*Asks:* 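To start, I am sharing the structure in question, which I have written as structure tokens.
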Amino acid sequence: GATMIAQNAAIRSYLSGGETEAVALAMKTYQMTEGMKSIQSNFSAYDVGIMIVGANGRSYSTDPWYWSVSAEELKDHPITKATMAHPAQILYQLYRGKDHSADAQEPMLVASKALFDQSTGKIYGTLYVIIRDRNFKPFYANFTSEGNDVVLLNEEGVIVSSNRTELIGMSDEGLLQEVVTDQGEGEDDQSAYVMGNERIVFSEYLPEFEFYLVNMIDKKAVTGQMVNAKAVTLTIMAIVAISLVIVFLITRRMTQSLR
């Protein structure tokens with residue numbers, strides 16, 4: 001307990017202090033690194049990257065190769081701006097690289113949270129937990145097939161994850177509208193014309209993440225197999241929800257460790 005508190009204090013001090021004297025800064029850097037290694041050891045079973053950025057501009061990444069983004073880039077990045085606008089929440093957002101184009105960089109799901117100093121209530125930094133889509137997708141990809149697709153849709157209609165990589169980062173207002181309507185009416189397995197085909201759409205809203213989990217089944221591909229399709233959908237939804245919860249728990253435990 002006391003050791004963890006001391007490490008947390010070292011991390012907070014590193015992210016909020018203004019020392020420029022070389023020896024003092026080297027000592028703080030060492031203490032912060034040891035603290036982060038200790039906290040990270042709790043999550044070694046999961047293939048995620050962890051980055052902290054301080055209000056003073058200092059930063060630390062558990063694996064700079066996992067997410068090659070600089071603290072300077074993050075300062076004015078939409079992910080950070082959204083995090084600062086909702087400092088009490090853990091936010092889940094898609095990262096696609098600098099230019100946000102579809103071919104920019106490997107898509108990643110970023111969980112972010114503002115870090116507070118409990119005694120003053122001031123924000124002293126930001127925590128980012130990053131999972132590559134290729135590490136996240138296997139959780140559910142085995143249950144998808146030709147004509148049976150899964151998308152994770154945010155509240156703006158942007159596709160955050162999908163078994164069809166080419167869809168990630170695309171915005172689909174029509175699908176969002178369909179899903180929102182279904183959720184509002186409490187209806188499921190509605191037939192709708194989305195993405196150029198008539199599909200049966202199952203959806204589930206995940207309020208903790210502000211995502212819609214959507215299973216789209218090409219009507220032509222599964223005629224006569226709807227009972228099975230519904231069972232597969234429920235399985236997929238349970239698995240994606242569990243894998244998201246793992247990322248959520250990692251982020252929440254990290255945040256609590258850094259208080």
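Computed from a predicted model, the values in this text were never measured in an experiment.
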*Asks:* Could you pull out the closest heavy-atom pair between M216 and V214, with the gap in Å?
*Replies:* CG-CG1, 3.8 Å
*Asks:* Would L74 and M51 count as a side-chain contact (heavy atoms from CB on, under 4.5 Å) here? Give the steps.
*Replies:* CA-CA 11 Å; L74 281 174; M51 186 169 180; 3.9 Å; yes
*Asks:* Under the side-chain contact (heavy atoms from CB on, under 4.5 Å) criterion, do V151 and L175 qualify, and how do the steps go?
*Replies:* CA-CA 10 Å; V151 301; L175 180 59; 3.8 Å; yes
*Asks:* So, for N56 and S16, which heavy atoms are closest and what is the spacing to 0.1 Å?
*Replies:* ND2-N, 3.4 Å
*Asks:* Assess whether side-chain contact (heavy atoms from CB on, under 4.5 Å) is satisfied between Y92 and V160, documenting all intermediate values.
*Replies:* CA-CA 9 Å; Y92 299 83; V160 174; over 6 Å; no
*Asks:* Please give me the minimum heavy-atom distance between V53 and S59, naming the atom from each residue.
*Replies:* CG2-CB, 4.0 Å
*Asks:* Honestly curious: do L206 and L91 fall in one hydrophobic cluster under the side-chain, below-4.5 Å linking rule?
*Replies:* no
*Asks:* Quick check: does any side chain N or O of N148 sit under 3.5 Å from a backbone N or O of I217, one acting as donor and the other as acceptor?
*Replies:* no
*Asks:* Looking at K122 and F116, would you say the former's side chain and the latter's main chain have a donor-acceptor pair under 3.5 Å?
*Replies:* no
*Asks:* What's the separation between atom OG in S119 and atom CZ in R12, rounded to the nearest 0.5 Å?
*Replies:* 6.0 Å
*Asks:* In this structure, would M27 and M32 fall into the same cluster of hydrophobic residues linked by side-chain contacts under 4.5 Å?
*Replies:* no
*Asks:* How would you list, by chain and number, every residue that makes a side chain to side chain contact (heavy atoms under 4.5 Å, CB included) with Y30, sequence neighbours excluded?
*Replies:* E34
*Asks:* Give a yes-or-no answer on whether the side chains of T80 and Y128 include a donor-acceptor pair shorter than 3.5 Å.
*Replies:* yes
*Asks:* Any chance you could measure I130, atom CD1, to S61, atom OG, to the nearest 0.5 Å?
*Replies:* 6.5 Å
*Asks:* Would L109 and F209 count as a side-chain contact (heavy atoms from CB on, under 4.5 Å) here? Give the steps.
*Replies:* CA-CA 11 Å; L109 186 63; F209 309 96; over 6 Å; no
*Asks:* Hey, does the side chain of T33 reach the backbone of T29 with a donor-acceptor pair shorter than 3.5 angstrom?
*Replies:* yes
*Asks:* Give me the atom names and distance for the closest heavy-atom approach of M84 to T126.
*Replies:* CE-OG1, 2.9 Å
*Asks:* Per the side chain to side chain contact (heavy atoms under 4.5 Å, CB included) rule, which among N135, I131, T62 passes with V48?
*Replies:* I131
*Asks:* Nearest 0.5 Å please: distance from the OG atom of S112 over to the NZ atom of K81.
*Replies:* 14.0 Å
*Asks:* Are more than 12 heavy atoms from other residues, nucleotides or ligands located less than 6.0 Å from atom CD of E72?
*Replies:* no
*Asks:* Of all the heavy-atom pairs spanning I11 and G35, show the shortest one and how long it is.
*Replies:* CD1-C, 3.9 Å
*Asks:* Where is the tightest heavy-atom contact between K137 and S162, given as atom of each residue plus distance?
*Replies:* CE-O, 3.0 Å
*Asks:* Working to the nearest 0.5 Å, report the span between CD of E156 and CG of L94.
*Replies:* 11.5 Å
*Asks:* With salt bridge (Lys or Arg N to Asp or Glu O under 4.0 Å) as the rule and sequence neighbours excluded, what pairs involving residues 53-70 come up?
*Replies:* E19-R58
*Asks:* For E155, check side chain to side chain contact (heavy atoms under 4.5 Å, CB included) against everything at least two apart and list the hits.
*Replies:* Y205, E210, Y212
*Asks:* So, the side chain of S161 versus the backbone of L152: is there a donor-acceptor pair under 3.5 Å, distance only?
*Replies:* no
*Asks:* How far does CD of E73 sit from CD1 of I79, to the nearest 0.5 angstrom?
*Replies:* 11.0 Å
*Asks:* Looking at N215 and D149, would you say the former's side chain and the latter's main chain have a donor-acceptor pair under 3.5 Å?
*Replies:* yes
*Asks:* Between R132 and Y66, is any pair of side-chain heavy atoms under 4.5 Å apart?
*Replies:* yes
*Asks:* What's the spacing between Y124 OH and S13 OG if we round to 0.5 Å?
*Replies:* 10.5 Å
